[in-house]
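Numbers here simply count residues along the sequence, with the first being 1. Just so it is clear, the values below take in all heavy atoms, side chains as well, and ignore hydrogens, waters and symmetry mates.
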Amino acid sequence: MKLHTLALTPAALAASLALASVASAQVQPVSFESFDYVPPALLGNQNGGSGWATPWDILGLGTEIVVFDLSVNPPFPIADSIGNYAGQAVEFVGAERYPSALNHADIHDGVGFGRDGATIWISFRTWNYQQFGTHFGSLSLFNDAGAGDVEELLLGSPWGTYAWGIDDEGPNGTGPIPINGTSDTTPVRIVTRIDFMPGQERVQMWLNPAVPHPTSGAQLDEMVHDFRWTKIRLNSGGSGSHYFWDEIIIEKGDPGSTIGTPYCGPAAANSTGNPAVIEASGSTVVAQNNLSLRARTLPNNAFGFFLTSRTQGFVQNPGGSQGSLCLGGAIGRYVAAGQIKNSGTMGEFSLPLNLTATPTPTGLVSVLPGEAWNFQAWYRDAINGVATSNFTDGLRVQF
């Protein structure tokens with residue numbers, strides 16, 4: 001495949017310039033709960049916060065999920081500053097609530113949250129202030145869209161681990177996955193990122209991270225079973241265990257994709273049923289030489305590589321591809337040693353760039369301050385058993 005030999009006609013170039021650019025993806029709010037209710041109060045039927053479709057519903061005896069303030073002994077040491085917090089007076093009682101799917105078709109597929117290609121963040125503050133025996137405590141994701149009421153993923157302290165972590169609860173789940181060296185008697189702010197992909201989902205978890213949406217250094221990074229979810233549940237159980245919860249935040253989006261301006265999208269859907277996406281992270285300051293590209297929502301175990309050009313373009317189905325080439329002019333290919341990538345089991349690959357060695361058809365050049373370069377990924381695919389190729393959308397980066 002010799003992409004650098006492709007040229008744009010004036011008509012194709014005009015068509016490419018007419019394509020509207022969209023803003024880079026950013027993390028956006030879905031639902032928020034600060035438990036800003038006047039104590040003493042029961043949590044059942046409370047309807048505060050934002051982004052919810054229903055009030056809180058109590059599961060159990062009906063009076064044991066309560067709203068506390070700092071006068072409780074012991075107080076919740078990391079409660080937020082804008083409201084009170086929820087806690088249990090008796091174990092094995094839960095409270096659940098449905099986030100609103102309104103205006104969230106990008107992460108909700110009509111059945112539940114977790115559309116393939118979506119990134120969902122769930123963060124909350126929690127603490128087990130009593131520990132007498134085997135127990136669990138969590139914010140769990142449940143799915144009641146099908147038969148029954150299925151717990152899909154537990155975020156918090158899985159049963160019998162006495163540690164923070166996750167429990168892959170679904171029919172094909174792998175069970176508890178604790179973060180070694182942690183204790184659920186230590187108050188924490190848990191931040192979880194879930195990347196929903198074809199086949200399995202990737203879960204990353206941080207405890208007390210320095211930033212709201214970390215991009216590296218996860219204390220837990222695991223693949224879990226494929227699932228959708230419709231509601232959250234606060235719950236715990238065991239010998240005298242009592243948990244607090246505060247500042248529940250549900251969000252969507254990828255903070256690593258805030259560099260550059262996407263264009264020429266969405267790309268043509270591939271064999272996963274979704275379009276592949278290109279993103280950039282790092283810095284646009286040339287002197288720092290710290291920019292990486294990432295292609296995601298790819299077929300599993302697909303080979304591919306990145307392309308670049310100073311010129312945007314549009315060629316539909318070049319060389320029999322299922323997608324469209326969004327570059328024009330002199331197109332360079334990242335095909336040197338180590339630059340041809342495989343998407344593996346997570347359906348993505350990435351490449352740190354050397355801005356002093358940017359490929360062009362006539363050799364390597366340095367990116368200069370003030371220049372804009374365009375990037376795209378080309379990857380292999382198979383449709384109904386027939387080998388083909390496809391492209392991500394395009395990404396313009398101003399240096």
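- Under a 3.5 Å cut-off, the side chain of Asn270 and the backbone N or O of Thr297 do form a donor-acceptor pair.
- A heavy-atom distance below 4.5 Å is found between the side chains of Leu141 and Ile232.
- If you take CD1 on Ile331 and CG on Leu307, they are separated by 7.0 Å, rounding to the nearest 0.5 Å.
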Check: Can you check side chain to side chain contact (heavy atoms under 4.5 Å, CB included) on Asp168 and Glu201, steps first, answer last?
Finding: CA-CA 11 Å; Asp168 186 4; Glu201 328 296 13; over 6 Å; no
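- The two residues Ile58 and Gly44 come nearest to each other via the heavy atoms CG1-CA, 3.4 Å.
- A side-chain N or O of Arg396 and one of Gln398 form a donor-acceptor pair less than 3.5 Å apart.
- Looking only at atom types and distance, the side chain of Trp56 has a donor-acceptor partner in the side chain of Glu33 under 3.5 Å away.
- A side-chain donor-acceptor contact under 3.5 Å links Asp246 to the backbone of Asp80.
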Notebook entry, point to check: Where do Ile250 and Phe113 land on the side chain to side chain contact (heavy atoms under 4.5 Å, CB included) test, with the steps shown first?
Noted result: CA-CA 11 Å; Ile250 303 175; Phe113 291 97; over 6 Å; no
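- In the hydrophobic clustering of this structure, Val286 groups with Tyr334; members are Ile, Leu, Val, Met, Phe, Trp, Tyr whose side-chain heavy atoms approach within less than 4.5 Å, directly or through other members.
- Looking at Phe391 and Cys326, their side chains never come closer than 4.5 Å, going by heavy atoms from C-beta outward.
- Comment: Arg228 engages Asp116 in a salt bridge, judged by a side-chain N to carboxylate O separation of less than 4.0 angstrom.
- The shortest heavy-atom contact between Ala118 and Ile107 is CB-CG2, 3.6 Å.
- In this structure, Ala330 and Ser309 approach most closely via the heavy-atom pair O-OG, 3.2 Å.
- When all heavy atoms of Pro214 and Val191 are compared, the pair lying nearest together is CD-CG1, 4.1 Å.
- Cluster membership check: Val367 shares its hydrophobic cluster with Val365, using side-chain heavy-atom separations under 4.5 Å among Ile, Leu, Val, Met, Phe, Trp and Tyr.
- One hydrophobic cluster, built from ILVMFWY side chains closer than 4.5 Å, cannot hold both Leu155 and Phe142; they sit in different ones.
- Val27 has its side chain within reach of Trp121: a pair of non-hydrogen atoms, C-beta onward, lies under 4.5 Å apart.
- Under the 4.5 Å side-chain heavy-atom criterion for Ile, Leu, Val, Met, Phe, Trp and Tyr, Tyr243 and Ile248 are members of the same hydrophobic cluster.
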Checklist line | Step-by-step side chain to side chain contact (heavy atoms under 4.5 Å, CB included) determination, Ile194 to Leu153 | finding: CA-CA 11 Å; Ile194 309 174; Leu153 184 68; 3.9 Å; yes
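- Taking the centre of each ring, Phe306 and Phe349 come in below the 6.0 Å mark.
- The closest side-chain donor-acceptor pair between Tyr162 and Asn128, if any, does not fall under 3.5 angstrom.
- For Ser292 (side chain) and Ser281 (main-chain N/O), no donor-acceptor pair under 3.5 Å exists by modelled atom type.
- Cys264 and Phe314 make their closest contact through SG-CD1, 3.8 Å (heavy atoms, listed as atom of the first residue, atom of the second, distance).
- Looking only at distances, no side-chain donor or acceptor of Arg296 sits under 3.5 Å from a matching main-chain atom of Glu348.
- Going from atom CD of Gln376 over to atom CG of Leu327 covers 5.0 Å, rounded to the nearest 0.5 Å.
- Each of Tyr129, Phe244, Phe35, Trp245 was compared with Tyr85 under the ring pair (Phe, Tyr, Trp, His ring centres under 6.0 Å) criterion, and only Phe244 meets it.
- Looking at heavy atoms from C-beta onward, Tyr379 lies out of side-chain contact with Lys341 at the 4.5 angstrom threshold.
- Of the possible polar contacts, none joining the Asn84 side chain to the Asp36 backbone as a donor-acceptor pair under 3.5 Å is found.
- What you find for Asn317 and Ser321 is that their closest heavy atoms are ND2-O, 3.0 Å.
- Rounding to the nearest 0.5 angstrom, the gap separating the OG1 atom in Thr126 from the CG atom in Leu234 is 8.5 Å.
- Under a 3.5 Å cut-off, the side chain of Gln28 and the backbone N or O of Lys252 do not form any donor-acceptor pair.
- In terms of modelled atom types and a separation under 3.5 Å, the side chain of Ser324 and the main chain of Gln316 share no donor-acceptor contact.
- Atom CG in Asn354 sits 11.0 Å away from atom CG in Leu291 (nearest 0.5 Å).
- Here the OG1 atom belonging to Thr161 is positioned 11.0 Å from the CD1 atom belonging to Ile177, to the nearest 0.5 angstrom.
- For the pair Trp52 and Pro99, the minimum side-chain heavy-atom distance is below 4.5 Å.
- Here the CG atom belonging to Asp149 is positioned 8.0 Å from the CG atom belonging to Leu59, to the nearest 0.5 angstrom.
- A donor-acceptor distance shorter than 3.5 angstrom exists from the side chain of Asp381 to the backbone of Ser271, with no hydrogens or angles considered.
- Here Ala53 pairs with Tyr98, Ser100 under the side chain to side chain contact (heavy atoms under 4.5 Å, CB included) rule; sequence neighbours left out.
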Note to self: Please determine whether side chain to side chain contact (heavy atoms under 4.5 Å, CB included) holds for the pair Phe32 and Ile249, giving the CA-CA distance in whole Å, both sets of side-chain angles, and the decisive distance to 0.1 Å.
What the structure shows: CA-CA 5 Å; Phe32 173 72; Ile249 305 172; 3.6 Å; yes
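- In this structure the side chain of Asn47 reaches within 4.5 angstrom of the side chain of Arg97, judged on heavy atoms.
- If you check the side chains of Arg380 and Asn342, you find no donor sitting under 3.5 Å from an acceptor.
- Within the hydrophobic cluster formed by Ile, Leu, Val, Met, Phe, Trp and Tyr side chains joined at under 4.5 Å, directly or through other members, Leu102 stands alone, with no partner residue.
- Side-chain contact of Asp195 with Thr119: a donor-acceptor pair under 3.5 Å is present, judged by distance alone.
- With hydrogens and angles disregarded, a donor-acceptor distance shorter than 3.5 Å links the side chain of Ser343 to the backbone of Ala302.
- Using a distance-only test at 3.5 Å, with no hydrogens or angles considered, a donor-acceptor pair links the side chain of Asn289 to the main chain of Leu355.
- Under the 4.5 Å side-chain heavy-atom criterion for Ile, Leu, Val, Met, Phe, Trp and Tyr, Val277 and Leu293 are members of distinct hydrophobic clusters.
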